[in-house]
Student: 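Dumping the structure here so I can ask a few things about it.
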Number of protein chains: 2
Amino acid sequence: MPATKQTDQVCCPSVIDAPLSEAEAADLARVLGALADPVRLRLLSLVAAQEEICSCELEAPLAKSQPTVSHHTKVLAAAGLLVGEKRGRWMWWRVDPARLAAVRTALGG
Amino acid sequence: MPATKQTDQVCCPSVIDAPLSEAEAADLARVLGALADPVRLRLLSLVAAQEEICSCELEAPLAKSQPTVSHHTKVLAAAGLLVGEKRGRWMWWRVDPARLAAVRTALGG
DNA sequence: CGTATAGATCGATATCTGTCAATGTACGAG
DNA sequence: CTCGTACATTGACAGATATCGATCTATACG
């Protein structure tokens, strides 16, 4: 058996460092699951391309129905990747860059 | 409408740069889907903790049946995250660090 | 007030996915 | 060649998920 190579890291457990605990793996899998959908990835990139964007401007470029868009924004927001603010009748969405950076770090960044 | 902020990048389309095409989003979603499972994340971290590891050594720490482990290694290999080599009766797995780095880049690295 | 609009939620449906028992395949030991 | 082991594949099943039409909620405007 080859020798074990393992690095200790206090913050932000990474996949390529110490073996993940079940809880850490479940948390990371939840965020990655939110990202693992082509519609949500395009949605995220559309939001990131602007400072802010409202839900009503997502249906057309994504070619999805209003309930479907609402579903995807909800999933991304639950994962902490999108932050929403309701102003008047409109829901405005922003990307949380720190959250995305945390995912990269967990992937061995 | 706030102004558009957009950066051009030749290589490795990133979620936070130009809006992803449907094809780019589908590709990225496929790899992220491979990562979006707690068992596969722990499997990956187990492989990464060693230079190499054989399938038979994964069942116990993952507490999954042999067919299930085989299924997960296949998914990770199909995503390019794991590279397998059969030597004798054993299947040896390694992590492809470049592939993982590509995912980080696609996530705005 | 009533009406129109943005969005969330519900219900139904089709598809995908994780899991394991059973079975198949390939390889080494004797 | 025969037997046991390591792994892959198949089939079945339960649970999750993406999607949309219909409906509900909240807000703005007369």
Side-chain angles (χ1 to χ4, degrees), chain A residues 1-2 20 22-23 25-44 46-47 50 52-79 81-94, chain B residues 1-2 20 22 25-47 50 52-79 81-94:
Chain A
M1 190 78 51
L20 263 44
E22 296 195 23
D27 284 349
L28 185 50
R30 209 169 305 128
V31 185
L32 288 168
L35 288 168
D37 179 278
V39 175
R40 282 197 288 271
L41 286 174
R42 293 202 300 136
L43 196 163
L44 202 64
L46 283 168
V47 177
Q50 318 272 332
E52 278 185 327
I53 197 168
C54 96
S55 293
C56 59
E57 291 178 285
L58 293 169
E59 293 178 39
L62 293 176
K64 296 293 169 187
S65 71
Q66 180 269 317
T68 298
V69 170
S70 182
H71 164 68
H72 287 308
T73 53
K74 183 178 183 177
V75 171
L76 287 169
L81 294 161
L82 236 48
V83 179
E85 184 189 352
K86 186 165 188 178
R87 289 204 298 272
R89 266 179 295 192
W90 295 275
M91 193 66 182
W92 294 90
W93 297 102
R94 291 180 293 109
Chain B
M1 190 82 50
L20 263 44
E22 295 194 24
D27 285 348
L28 185 50
R30 209 169 305 129
V31 184
L32 289 169
L35 288 168
D37 179 277
V39 175
R40 283 196 288 271
L41 286 174
R42 293 203 300 136
L43 197 162
L44 203 64
S45 76
L46 284 168
V47 177
Q50 318 272 331
E52 277 185 327
I53 197 169
C54 94
S55 293
C56 59
E57 292 178 285
L58 293 169
E59 292 179 37
L62 293 175
K64 296 292 169 186
S65 71
Q66 180 269 317
T68 299
V69 171
S70 182
H71 165 68
H72 287 307
T73 52
K74 183 178 184 177
V75 171
L76 287 169
L81 294 160
L82 236 48
V83 179
E85 183 190 352
K86 188 165 189 178
R87 289 204 299 270
R89 265 180 296 193
W90 295 274
M91 192 68 181
W92 293 91
W93 297 103
R94 291 181 294 107

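Letters go in sequence order (proteins before strands), and every chain restarts at 1. Because only heavy atoms are used, hydrogens play no part in the values below, and waters and symmetry mates are left out as well, while side chains stay in.
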Student: How would nucleotides 25-30 of chain C be written as a contact map, 5' to 3', with B for base contact, S for sugar-phosphate-only contact and - for no contact, using protein heavy atoms under 4.0 Å?
Tutor: --BS--

Student: Check whether any side-chain heavy atom of B:L76 lies under 4.5 Å from a side-chain heavy atom of B:V47, and answer yes or no.
Tutor: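 Side chain of B:L76 against side chain of B:V47, heavy atoms only: no contact under 4.5 Å found.
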
Student: Nearest whole Å is fine: how far is C:dC16 C1' from B:R40 CZ?
Tutor: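 My rounded result for the distance is 12 Å.
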
Student: Using 0.5 Å steps for rounding, measure from the CE atom of B:M91 to the CD atom of B:E85.
Tutor: 8.5 Å

Student: Can you find a heavy atom in the side chain of A:L43 that is under 4.5 Å from one in the side chain of A:L82?
Tutor: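 The answer is yes; the side chains approach within 4.5 Å.
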
Student: Please name the pair of heavy atoms, one in B:S55 and one in B:W93, separated by the smallest distance, quoted to 0.1 Å.
Tutor: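 Scanning both residues completely, I find the closest heavy atoms to be OG-NE1, 2.8 Å.
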
Student: Between residues 58-73 of chain B and DNA chain C, which residues have a heavy-atom gap below 4.0 Å?
Tutor: B:K64, B:S65, B:P67, B:T68, B:H71, B:H72

Student: With sequence neighbours left out, write down each residue that passes salt bridge (charged side-chain N to carboxylate O under 4.0 Å, His left out) with A:R30, or none if nothing qualifies.
Tutor: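 Here the qualifying residues are A:D27.
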
Student: Applying side-chain contact (heavy atoms from CB on, under 4.5 Å), can you list everything that pairs with B:A25, at least two apart in sequence or on another chain?
Tutor: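 Scan of B:A25 (side-chain contact (heavy atoms from CB on, under 4.5 Å), adjacent residues dropped) gives A:P38, A:L41, A:R42, B:L20.
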
Student: Enumerate the residues from residues 25-32 of chain A whose closest heavy atom to DNA chain C is under 4.0 Å, giving them by residue number; use none for an empty result.
Tutor: none

Student: Please state whether the phosphate of C:dG7, meaning OP1 or OP2, lies under 4.0 angstrom from any side-chain nitrogen or oxygen of A:K74.
Tutor: no

Student: Which residue pairs pass the side chain to side chain donor-acceptor pair (under 3.5 Å) test when at least one of the two sits in residues 69-79 of chain A, sequence neighbours left out?
Tutor: A:R40-A:H72

Student: For the atom pair CG (A:L58) and CG (A:L46), what is the distance rounded to the nearest 0.5 Å?
Tutor: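 Between atom CG of A:L58 and atom CG of A:L46 there are 6.0 Å.
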
Student: Under 4.5 Å between any side-chain heavy atoms of B:L44 and B:L35, yes or no?
Tutor: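 Heavy-atom side-chain distance check passes, below 4.5 Å.
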
Student: What range of DNA chain D does chain A touch, first nucleotide to last, counting atoms under 4.0 Å from its heavy atoms?
Tutor: D:dA18 to D:dA28

Student: Just the rounded figure in Å: distance from C1' of C:dA6 to CD of A:E85.
Tutor: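 About 16 Å, once rounded to whole Å.
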
Student: State which residues pass salt bridge (charged side-chain N to carboxylate O under 4.0 Å, His left out) with B:R89; sequence neighbours excluded, sorted by chain then number.
Tutor: none

Student: Measuring from A:Q66:CD to A:C56:SG, what's the distance to the nearest 0.5 Å?
Tutor: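 Answer for the CD-SG pair, A:Q66 versus A:C56, is 10.5 Å.
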
Student: Around A:E22, counting heavy atoms of other residues, nucleotides and ligands shown, do more than 12 lie under 6.0 Å from its CD?
Tutor: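 Atom CD in A:E22 is not crowded, with 12 or fewer foreign heavy atoms closer than 6.0 Å.
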
